[in-house]
Each structure stands twice: as C-alpha cells, then as structure tokens.
Amino acid sequence: MRKQKKYYVVWEGKNPGIYETWDECKKQIEGYKGAKYKSFKTLDQAKEAFCNPHLANSKPLDYPLYGICVDASYSTKTKEMEYRGILLHEKNKLLFSQGGYKNATNNIGEFIAIVHALALCKKNNWNYPIYSDSKTAISWVNKKKVNTKLKLNEENHILFEHLTRALNWLKENTYNNKIIKWNTEKWGEIPADYNRK
RNA sequence: ACAU
DNA sequence: CTATGT
Ligand SMILES: [Mn+2]
Ligand SMILES: [Mn+2]
C-alpha cells in the first residue's frame with residue numbers, strides 16, 4: 001500500500017504556499033535558512049494551517065545534500081527484499097536498484113546496500129559519504145561480520161551468495177568513505193526510502 | 001532501550 | 001500487529 005497523499009505547507013521558504021508532493025515542498029526549503037513547513041492530511045487542514053503560522057512546529061531542514069543514501073525493504077507479505085541507492089547531490093538520482101531476493105531480512109538488505117555503494121564508489125574513485133538508516137547494517141559493515149539468524153534454504157541461496165560476495169568484498173578491499181547513520185528523527189525518512197510505511 |  | 005537486529 002502506498003503512503004497516503006499529503007499536503008505540504010511552507011510558511012517560510014523560497015515560495016511559501018501549499019504543495020502536493022514532498023519533492024515540490026523540498027525545493028522550497030532546501031538551502032533556505034529558517035525554513036518552516038509541515039505536512040497535513042487534507043487540503044483543508046493545510047489551507048487552515050497556512051493562515052496560522054504558529055502551527056509550524058517543524059525543525060529547519062538541514063539534512064545532508066551531498067553523498068549517497070541507501071535503503072532496503074523487505075515485505076513479509078511477498079517475502080521479497082529489494083534495496084537501492086541514490087545520489088543526494090544529483091537530485092536523488094537512482095544509482096543502483098536490486099530486488100527479487102526471496103526469503104531475506106531487512107537487515108541483510110540494508111547491509112548489502114551499503115556494500116554495494118562502497119564497491120561502486122571504489123570503482124569510480126568516489127569518496128562520497130554513504131548514509132544508511134540501519135544501525136544494524138552499519139554495525140555489520142564496520143565489524144565486517146554479519147550476525148543474521150536467517151537460515152540458508154532453497155528460496156534464498158542467491159541472497160546468501162550475494163551476502164557472501166559482499167562480505168568478501170569488505171574483507172578484501174579498503175575504502176575511505178564515511179558511513180553515516182541517517183538521522184531519521186531530525187531529517188525525515190532517508191531519501192532512498194521506499195515510502196511504504 | 002534504540003535502530004529498522 | 002509481525003519480524004530483524006545491537
Ligand atoms: Mn531503512
Ligand atoms: Mn525505508
């Protein structure tokens with residue numbers, strides 16, 4: 001199920017007003033010091049709020065605008081995992097996207113996504129910071145050790161192959177990229193998110 | 001408890 | 001509500 005449509009009120013930004021998408025809203029507040037904005041469920045609520053700026057309770061938008069963001073999604077419904085990476089400083093351009101991993105876990109997806117980004121960076125001589133919202137996956141990357149409880153079975157042997165490949169890449173390569181925890185509470189959902197929650 |  | 005992890 002897709003996320004419900006929202007209306008975005010921008011009180012302080014390049015062009016204050018009401019916007020129908022986060023992308024449009026974001027344009028108005030990126031790089032705008034002291035931006036004030038907030039989302040509402042209905043257009044009526046948004047219109048009302050626009051006339052009452054004291055309703056603004058959002059923090060300034062000052063999340064990172066340079067580097068790579070990765071995210072993964074695992075559906076317990078379809079038992080499928082996918083992950084992807086985007087470039088913050090190229091208007092969230094999609095860098096890579098992989099899916100169809102049956103019988104996986106969220107954390108394995110988040111882990112492979114980070115390593116995929118690291119390998120891509122090394123190949124291109126990029127030293128971009130890499131953002132992930134997964135404490136678990138960042139920990140696994142830093143320790144070069146995957147502590148999953150998932151059992152290998154007929155459904156997920158490809159997943160485990162790719163997991164092993166990622167782990168081997170980590171152990172056999174060096175990198176200088178910073179791996180940074182995306183601060184979801186302060187910055188909102190990581191831009192690579194699948195917005196399914 | 002915290003992070004997905 | 002379920003599950004994956006530190
Ligand atoms: Mn995530
Ligand atoms: Mn997500």
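What you see is a predicted model; the values in this text were computed from it and never measured. Below, read A as the first sequence line, B as the second, and so on, with proteins coming before strands; counting in each chain starts at 1.
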Original post:
Taking RNA chain B as the partner, which of residues 130-157 of chain A come within under 4.0 angstrom of it by heavy atom?
Top reply: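 Output list: A:Asp133, A:Ser134, A:Lys135.
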Original post:
Side chains of A:Tyr128 and A:Leu95: does their closest heavy-atom pair fall under 4.5 Å?
Top reply: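 Counting from C-beta outward, A:Tyr128 and A:Leu95 never come under 4.5 Å.
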Original post:
So do the side chains of A:Tyr37 and A:Gln28 get within less than 4.5 Å of each other, counting heavy atoms only?
Top reply: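 No, too far: nothing below the 4.5 Å cut-off.
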**OP:** Would you jot down, in residue-number order, the residues of residues 110-117 of chain A having a non-hydrogen atom under 4.0 Å from DNA chain C?
**Re:**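 Within this stretch, nothing sits under 4.0 Å of the strand.
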Subject >> Residues A:Glu110, A:Asp71; criterion side-chain contact (heavy atoms from CB on, under 4.5 Å); working and verdict >> reply: CA-CA 6 Å; A:Glu110 302 268 21; A:Asp71 197 27; 3.3 Å; yes
Original post:
What about A:Asn107: does its side chain form a donor-acceptor pair under 3.5 Å with the base of B:U4?
Top reply: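 Flag unset: no donor-acceptor pair detected.
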**OP:** Return the value, rounded to whole Å, for the distance between atom CD of A:Glu189 and atom P of B:U4.
**Re:**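 Distance check: A:Glu189 CD to B:U4 P gives 8 Å.
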**OP:** Let me know the distance between CD of A:Glu185 and P of B:A3, rounded to the nearest Å.
**Re:**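 Distance, rounded to whole Å: 7 Å.
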Subject >> Nucleotides bounding contact with chain A, strand DNA chain C, heavy-atom threshold 4.0 Å >> reply: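 Using the under 4.0 Å cut-off, the span is C:dT4 to C:dT6.
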**OP:** For A:Thr76, report the nucleic acid contact type (base, sugar-phosphate, nothing); a contact means any heavy atom under 4.0 Å.
**Re:**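 Result for A:Thr76 = nothing.
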Subject >> Distance in Å, A:Trp22 CH2 paired with A:Asn195 CG, rounded so as to fall on 0.5 Å steps >> reply: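 Answer for the CH2-CG pair, A:Trp22 versus A:Asn195, is 12.5 Å.
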Original post:
Which value, rounded to the nearest 0.5 Å, describes the distance between A:Ser139 atom OG and A:Lys145 atom NZ?
Top reply: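 Rounded to the nearest 0.5 Å, the OG-NZ separation comes out at 11.0 Å.
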Residue [X] excluded, over 12 heavy atoms near [atom1] under 6.0 Å:
{"X": "A:Ile158", "atom1": "CD1", "value": "no"}
{"X": "A:Lys91", "atom1": "NZ", "value": "no"}
{"X": "A:Asn124", "atom1": "CG", "value": "yes"}

**OP:** Would you mind checking if A:Glu189 and A:Lys197 are paired as a salt bridge, meaning a charged N to carboxylate O distance below 4.0 Å?
**Re:**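 Salt bridge between A:Lys197 and A:Glu189, a charged N being under 4.0 Å from a carboxylate O: yes.
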Subject >> Same apolar cluster: A:Leu65 and A:Tyr131, side chain cutoff 4.5 Å >> reply: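 Linked, A:Leu65 and A:Tyr131 end up in one cluster.
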